[in-house]
Amino acid sequence: MKKVERINIIMRYINNRAHFTISEIMREFNISRSTAIRDIREIEAMGMPLVAEVGRDGGYFVMNNSVLPTVRFTDNEIKALIIAFMATKNQQLPYLKSRHSLAEKLLGLISESQQDDLVLLNQVLLFEGTNPHNPDLLDLSDLPHPMLEQLIQIILADRYLLLSTEEAEVKSYPIYLLHLYREKNAWQIEGFDLEQHQRRIIPVDLLTDVKPYPGKKRIHPKKIAERLSKREEAINLVLELGPMAIAQFKKYHPLKISMAYTNPFQTTAILKTFINVQHPDELAEITNWLLFLGRDIRIREMPKEVMESIHATMFSLFGES
């Protein structure tokens, strides 16, 4: 019997009794004392309010009037949750162990026929991160960067951070965190540098330490927003997108770029952004992305450097033809 199935059966056993002991659990389910204790602790962690009685004949009972309401999932809700896990495999998401245990618990809640349905879906549904040669529903082995969960825990308490990175040399950056995002298979920190008074992007992969920034040197979030708005660059790229370009946009787009639909049927859209043509990496990235969008675009405004880069890329790919 699998662990999740055993724990669910033990929970039903407990629900039908006013009082039980570890010895009873051991005999009933033919498990060792250490296994029974671990299972009881896990059941407590899941929210069942058990009270331990001390003494020779002590045991456990469920606290009166304190049983949490049972959470029940519909068949489609279970499918939605498991498919979400399937779709986000190999994404280096945080809390991997918790995602794995949650998947186990969900599978333990459903019938064998529902499990068979999920196994079939797992065999036929392919996503960007799917490994078709390993169709295990519980194959969640994509470990994120070890600093990611620590960073998230600190962010929940304080967005003023002192980040230490190790590049060619060790550096420290005092920032106010604006966003933590994942782009191009890498986690990035977008923050306001509290010393340089500018927006800064720091890869999570470079982090060696994270801690709260001292309170005396902080800038109020409203002042940060004002300073950022003053530094916002003027828009220099304006495109009209047709349905095929919109479909490509949905497949992938740089995080800072957004579009606005221009009709209620969402078949046309407008895109406005700023491109730093003095930054070679950004120029190369936007060139490749515009070619990825395809021909279903109409240019309203575009820096000549971007246009020249597109022409040069096309020439290198196809020559004079």
Step by step, would you call Tyr213 with Tyr176 a ring-ring contact (aromatic ring centres under 6.0 Å, His included)? CA-CA 9 Å; Tyr213 187 60; Tyr176 174 79; over 10 Å; no

Ignoring hydrogens and geometry, is there a side-chain-to-backbone donor-acceptor pair from [X] to [Y] under 3.5 Å?
| X | Y | value |
| --- | --- | --- |
| Lys256 | Phe274 | yes |
| Glu149 | Tyr95 | yes |
| His179 | Tyr181 | no |
| Thr287 | Leu283 | yes |
| Arg159 | Leu177 | yes |
| Trp289 | Tyr252 | yes |
| Thr208 | Ser164 | yes |

What closest approach, in Å, do Met259 and Ile246 show between heavy atoms, and which atom pair accounts for it? CE-CG2, 3.7 Å

Between Leu207 and Leu163, what is the shortest heavy-atom contact and its length?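 Taking Leu207 first and Leu163 second, the nearest heavy atoms are CD2-CB, 4.0 Å.
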
[atom2] on [Y] to [atom1] on [X], rounded to 0.5 Å:
| X | Y | atom1 | atom2 | value |
| --- | --- | --- | --- | --- |
| Ile31 | Ile37 | CD1 | CD1 | 10.0 Å |
| Ile189 | Ile155 | CD1 | CD1 | 6.5 Å |
| Ile175 | Leu162 | CD1 | CG | 9.5 Å |
| Met307 | Glu305 | CE | CD | 11.5 Å |

Modelled atom types, side-chain donor and acceptor of [X] and [Y], under 3.5 Å:
| X | Y | result |
| --- | --- | --- |
| Arg99 | Thr88 | yes |
| Asn263 | Thr267 | yes |
| Thr21 | Ser23 | no |
| Asn236 | Glu301 | no |
| Thr262 | Thr268 | yes |
| Ser98 | Ser101 | no |

Validation row: [X], [Y] side chains within 4.5 angstrom (heavy atoms):
| X | Y | result |
| --- | --- | --- |
| Pro94 | Trp187 | yes |
| Leu239 | Arg300 | no |
| Gln188 | Arg182 | no |
| Asp193 | Arg199 | no |
| Leu121 | Lys79 | yes |
| Ile14 | Ile40 | yes |
| Asp75 | Ile78 | no |
| Glu28 | Tyr13 | yes |

May I ask you to decide whether Asp39 forms a salt bridge with Arg6, counting only side-chain N to carboxylate O separations under 4.0 Å? yes

Using a strict threshold of under 4.0 Å (side-chain N to carboxylate O), is an ion pair present between Asp158 and Arg218?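 Answer for the salt bridge query: yes.
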
Name of the residue among Arg200, Lys223, His197, Gln198 meeting side chain to side chain contact (heavy atoms under 4.5 Å, CB included) with Phe192: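 Only one of Arg200, Lys223, His197, Gln198 forms a side chain to side chain contact (heavy atoms under 4.5 Å, CB included) with Phe192, namely His197.
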
Taking the six-membered ring for Trp, are Tyr60 and Phe20 parallel (under 30°), tilted (30 to 60°) or perpendicular (over 60°)? parallel

